[in-house]
Amino acid sequence: QEFESEEYDIAFDVPEGWMLQQPEKTQDNAPDFVAVGPKVGEMNPVFSLTIYPTEEKTLDDIILEKNEQLTEVIESGQLIIISKDKIMINQNEAYVINAEGQFSSNEQEYNIKFKEVTIYDSDNYYVFSYSNGINDFDSQLERFNETINSFKKPSEESTTEENGGCLIATATFGSRS
């Protein structure tokens with residue numbers, strides 16, 4: 001099912017049967033949107049989206065900041081980076097991190113796998129995260145990838161289509177000025 005927010009000018013698909021929430025923003029790094037899936041293994045799969053203003057930073061600047069933030073948890077042994085890649089998603093530069101780590105909740109330890117995808121845009125960058133128990137991670141990975149690939153900014157989409165139509169008409173019929 002497609003979710004659209006006019007306030008943030010974003011739209012993306014949320015898996016059928018998942019509960020989408022927009023929690024109150026208590027900190028800058030708190031998610032703007034959270035989707036929680038049905039519990040399959042030892043925990044519920046969770047997708048989140050956090051939106052940050054780009055503030056004239058490049059994707060490389062953002063990657064450097066991210067790596068600095070992760071250094072402490074990596075050095076403590078709580079997080080292991082599996083891979084880091086720069087890719088393109090729907091004509092936007094993106095950065096993907098796959099990691100595994102330990103998480104404590106209610107005095108219980110969980111082995112968790114994470115995938116974080118940062119989609120870069122000149123105004124904002126969008127950080128999609130997926131976490132699930134390490135044994136159940138792959139079961140929802142395709143749904144997460146579908147969510148990422150469905151991400152769009154409706155305002156940019158409509159102007160592209162209108163301009164594209166004008167260009168096609170001009171190319172076909174010529175300009176009548």
| field | Tyr130 and Phe137 aromatic ring geometry - parallel, tilted or perpendicular at 30°/60° bounds | value | parallel
| If you look at every heavy atom in Asn132 and Ser139, which pair is closest and at what distance? | ND2-OG, 4.4 Å
| field | Joint hydrophobic cluster, Phe12 plus Val46, side-chain heavy atoms closer than 4.5 Å | value | no
| Between Gln1 and Gly17, what is the shortest heavy-atom contact and its length? | OE1-N, 4.1 Å
Show me, pair by pair, the donor-acceptor contacts under 3.5 angstrom made by side chains of residues 84-91, not counting sequence neighbours?
residue	atom	partner	partner atom	Å
Lys84	NZ	Asn67	OD1	3.4
Lys86	NZ	Asp60	OD1	2.5
Asn90	ND2	Asn149	O	2.9
Asn90	ND2	Phe151	O	3.1

| said: Taking salt bridge (charged side-chain N to carboxylate O under 4.0 Å, His left out) as the cut-off, I'd like each qualifying pair that reaches into residues 119-147, sequence neighbours left out, listed once. | reply: Asp121-Lys153
| task | Can you measure from NZ (Lys115) to CD1 (Ile148) and round to the nearest 0.5 angstrom? | result | 7.5 Å
| message | Enumerate the salt bridge (charged side-chain N to carboxylate O under 4.0 Å, His left out) contacts for residues 18-38, please, sequence neighbours excluded, ordered by first and then second residue. | response | Lys25-Asp32
| task | Look at atom CD of Glu72 and say whether more than 12 heavy atoms of other residues, nucleotides or ligands are closer to it than 6.0 Å. | result | no
| query | Name the one of Tyr52, Tyr126, Phe33 that satisfies ring-ring contact (aromatic ring centres under 6.0 Å, His included) with Tyr8? | reply | Phe33
| query | Any chance CD of Glu6 has more than 12 other-residue heavy atoms, nucleotides or ligands included, within less than 6.0 Å? | reply | no
| Are Ile10 and Tyr120 connected in a single hydrophobic cluster, I mean Ile/Leu/Val/Met/Phe/Trp/Tyr linked by side-chain heavy atoms less than 4.5 Å apart? | no
| query | Is there side-chain contact between Tyr95 and Ile62, with heavy atoms separated by less than 4.5 Å? | reply | no
| Can you hop from Phe144 to Val127 via hydrophobic side chains spaced under 4.5 Å? | no
| request: Please report the shortest heavy-atom distance between Gly133 and Met43, naming the atom on each side. | output: N-SD, 3.3 Å
| request: Verify whether one side chain among Gln27 and Asn29 offers a donor that lies under 3.5 Å from an acceptor in the other. | output: yes
| query | Between Pro38 and Asn44, what is the shortest heavy-atom contact and its length? | reply | C-ND2, 3.9 Å
| request: Name all residues meeting the side-chain contact (heavy atoms from CB on, under 4.5 Å) criterion together with Asn111; count only those two or more places apart in sequence or in a different chain, and write none if there are none. | output: Gln102, Ile134
| request: Nearest 0.5 Å please: distance from the CD1 atom of Ile119 over to the CG atom of Asn124. | output: 12.0 Å
| Pairs flagged by salt bridge (charged side-chain N to carboxylate O under 4.0 Å, His left out) wherever residues 92-101 is involved - sequence neighbours left out | none
| Between atom OG of Ser5 and atom CG of Leu49, what is the distance when rounded to the nearest 0.5 Å? | 9.5 Å
| message | Using the side-chain hydrogen bond (donor to acceptor under 3.5 Å, both in side chains) criterion, which residues pair with Glu42? Sequence neighbours excluded. | response | none
| field | Inter-residue atom distance Asn145.CG - Ser150.OG, 0.5 Å rounding | value | 10.5 Å
| message | Treating Thr54 as the side-chain partner and Lys57 as the backbone partner, does any N or O pair qualify as donor plus acceptor under 3.5 Å? | response | no
| task | Work out which heavy atom in Ile112 is nearest to a heavy atom in Ser131; give both atom names and the distance. | result | CG2-CB, 3.9 Å
| Are Val117 and Phe3 in one and the same hydrophobic cluster, where Ile, Leu, Val, Met, Phe, Trp and Tyr link if side-chain heavy atoms are under 4.5 Å apart? | yes
| said: Taking Phe114 as the starting point, is it possible to reach Val96 by hopping between hydrophobic residues whose side chains are less than 4.5 Å apart? | reply: no
| query | Which value, rounded to the nearest 0.5 Å, describes the distance between Thr71 atom OG1 and Leu79 atom CG? | reply | 10.5 Å
| request: Look up atom CG in Asp61 and atom OG1 in Thr58, then write down how far apart they are to the nearest 0.5 Å. | output: 3.0 Å
| field | Which atom of Thr147 lies closest to which atom of Asp13, heavy atoms considered | value | OG1-O, 3.0 Å
